[in-house]
Q: 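Take a look at the following structure, please.
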Amino acid sequence: MTEVSSLTGRLLVATPALADPNFDRAVVLLLDHDEEGSLGVVLNRPTPVGVADILESWGEFAGEPGVVFQGGPVSLDSALGLAVIPGDEGPLGWRRVYGAIGLVDLETPPELLARALGSLRIFAGYAGWGPGQLEEELREGAWYVVESEPGDVSSPSPESLWRAVLRRQRGELAMVATYPDDPSLN
């Protein structure tokens with residue numbers, strides 16, 4: 001197998017050509033990417049379910065809009081917590097993934113992390129790819145790979161994240177942000 005250059009911490013932004021409805025206009029933060037596969041969460045799929053309704057003790061610490069996000073089509077009955085924690089050292093119960101972004105151990109009492117939390121978002125499920133599967137989708141043109149920013153995880157307007165991420169890119173990629181929701185109406 002050829003060596004895989006890690007994309008951990010980068011964003012996958014669905015191209016308009018991506019036909020899978022699970023990822024229509026999706027922005028995925030890659031939490032892990034190596035020769036064994038890839039794992040990420042969709043950042044722009046809020047659900048109507050409040051965090052406090054599912055994980056009562058974490059509800060008050062969740063950033064706006066304070067709801068659970070559908071992290072992807074895999075394991076929708078499991079929860080992942082992502083938090084932005086500035087600085088070099090993170091508290092017990094938090095594991096750095098990339099930059100200031102890390103995974104929260106949701107079994108940890110929230111009080112141990114509360115003072116350090118810059119923002120917290122809870123995801124039901126995740127997006128996953130087996131070995132070589134994401135690389136094949138990239139070759140097929142299904143995704144744009146772009147740099148992430150810590151604010152992407154906690155965007156107060158997740159429904160506009162796809163356009164916002166594309167708009168901040170240089171060159172032709174920024175123009176994709178103007179692509180209509182339904183090109184047949186253009």
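Values in this document were obtained by computation on a predicted structure and should not be read as measured data.
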Q: Sorted by first residue and then second, give each salt bridge (charged side-chain N to carboxylate O under 4.0 Å, His left out) pair with at least one member in residues 106-134; sequence neighbours left out.
A: none

Q: Can you list the residues that meet the salt bridge (Lys or Arg N to Asp or Glu O under 4.0 Å) rule with D32, with sequence neighbours excluded?
A: none

Q: Restricting to non-hydrogen atoms, name the atom on Y144 and the atom on P16 that form the minimum distance, rounded to 0.1 Å.
A: OH-CD, 3.8 Å

Q: Under 3.5 Å, side chain of S155 to main-chain N/O of S157, donor-acceptor pair present?
A: yes

Q: Can you pull out every ring-ring contact (aromatic ring centres under 6.0 Å, His included) where at least one residue sits in residues 64-88? Sequence neighbours excluded, please.
A: F69-F123

Q: Keeping to residues at least two apart or across chains, list the salt bridge (charged side-chain N to carboxylate O under 4.0 Å, His left out) pairs with something in residues 47-59.
A: none

Q: Measuring from atom CD of Q169 to atom CE of M175, what distance do you get when rounded to the nearest 0.5 angstrom?
A: 14.5 Å

Q: Would you say that R95 contacts D105 through its side chain, given a criterion of any heavy-atom pair below 4.5 Å between the two side chains?
A: no

Q: Apply ring-ring contact (aromatic ring centres under 6.0 Å, His included) to W58 and list each qualifying residue two or more places apart in sequence or on a separate chain.
A: none

Q: How long is the straight-line distance from CG of L113 back to CG of L92, given to the nearest 0.5 Å?
A: 7.5 Å

Q: Would you compute the distance between atom OG of S38 and atom CD of Q133 and round it to the nearest 0.5 angstrom?
A: 8.5 Å

Q: If you apply the rule side-chain contact (heavy atoms from CB on, under 4.5 Å), what do you find for L12 with L29, and how did you get there?
A: CA-CA 6 Å; L12 298 177; L29 174 66; over 6 Å; no

Q: By side-chain hydrogen bond (donor to acceptor under 3.5 Å, both in side chains), which residues pair with E136, not counting sequence neighbours?
A: R139

Q: Determine whether V51 and V49 fall in the same hydrophobic cluster, where Ile, Leu, Val, Met, Phe, Trp and Tyr are linked whenever their side-chain heavy atoms lie under 4.5 Å apart.
A: yes

Q: What about F61 and V153, same hydrophobic cluster or not, with Ile/Leu/Val/Met/Phe/Trp/Tyr joined at side-chain heavy-atom distances under 4.5 Å?
A: no

Q: Verify, without hydrogens or angle tests, whether T47 (side chain) and V68 (backbone) share a donor-acceptor contact under 3.5 angstrom.
A: yes

Q: Any non-hydrogen side-chain atom of E159 less than 4.5 Å from a side-chain atom of R45?
A: no

Q: Can you name the side-chain hydrogen bond (donor to acceptor under 3.5 Å, both in side chains) partners of D24, sequence neighbours left out?
A: none

Q: For the hydrophobic clusters of this structure (ILVMFWY residues joined by side-chain heavy atoms under 4.5 Å, transitively), does one cluster hold both L161 and V84?
A: yes

Q: Do L82 and L55 sit in one hydrophobic cluster, given that two such residues count as connected whenever their side-chain heavy atoms are within less than 4.5 Å of each other, even indirectly?
A: no

Q: Backbone N or O of G99 within a donor-acceptor pair of the R96 side chain at under 3.5 Å?
A: yes

Q: Output all residues satisfying salt bridge (Lys or Arg N to Asp or Glu O under 4.0 Å) with E149, sequence neighbours left out; order by chain, then residue number.
A: R168

Q: Got L31 and L103 here, is their nearest side-chain heavy-atom distance under 4.5 Å?
A: yes

Q: Is there a donor-acceptor contact under 3.5 Å from the side chain of D152 to the main chain of L43?
A: no

Q: For A83 and L117, which heavy atoms make the closest approach, and how far apart are they?
A: CB-CD2, 3.4 Å

Q: Could you tell me which non-hydrogen atom of G81 sits nearest to which non-hydrogen atom of L106, and how far apart they are?
A: N-CD1, 3.9 Å

Q: Heavy-atom distance under 4.5 Å between the side chains of I122 and L80, does that happen here?
A: no

Q: Any side-chain heavy atom of P73 within less than 4.5 Å of one from F23?
A: yes

Q: Apply side-chain contact (heavy atoms from CB on, under 4.5 Å) to the pair V13 and L173, showing each step before the final yes or no.
A: CA-CA 11 Å; V13 180; L173 198 49; over 6 Å; no

Q: Not counting sequence neighbours, which residues clear side-chain hydrogen bond (donor to acceptor under 3.5 Å, both in side chains) with E147? List them please.
A: R10

Q: Hey, what do you get for CD (E140) to OG1 (T15), rounding to the nearest 0.5 Å?
A: 10.0 Å

Q: Apply side-chain hydrogen bond (donor to acceptor under 3.5 Å, both in side chains) to E137 and list each qualifying residue two or more places apart in sequence or on a separate chain.
A: W129, W143

Q: Please determine whether residues I85 and V104 belong to a single hydrophobic cluster, defined as Ile, Leu, Val, Met, Phe, Trp and Tyr linked transitively by side-chain heavy-atom distances below 4.5 Å.
A: yes

Q: Does some side-chain heavy atom of L30 sit less than 4.5 Å from a side-chain heavy atom of V97?
A: no

Q: Minimum heavy-atom separation for G128 and V74, please, with both atom names.
A: N-CG2, 4.2 Å

Q: Answer yes or no: is there a donor N or O on one side and an acceptor on the other, between the side chain of S154 and the main chain of S119, under 3.5 Å?
A: no

Q: Would you check if V42 and V27 make a side-chain contact, meaning some heavy-atom pair closer than 4.5 Å?
A: no

Q: If every non-hydrogen atom of N44 is compared with every non-hydrogen atom of P158, which pair is closest and at what distance?
A: CB-O, 3.0 Å

Q: Could you pull out all residues at least two apart from R167 that satisfy salt bridge (Lys or Arg N to Asp or Glu O under 4.0 Å)?
A: none

Q: Would you say the side chain of L11 lies within less than 4.5 Å of the side chain of V145, judging by non-hydrogen atoms?
A: no

Q: So, S6 versus T8: side-chain donor-acceptor pair below 3.5 Å or not?
A: yes

Q: As a quick check of understanding, evaluate side-chain contact (heavy atoms from CB on, under 4.5 Å) for V28 and V41, giving each step before the final call.
A: CA-CA 5 Å; V28 178; V41 289; 5.9 Å; no

Q: For residues 80-107, pull every pair meeting ring-ring contact (aromatic ring centres under 6.0 Å, His included), keeping only residues two or more places apart or in separate chains.
A: none

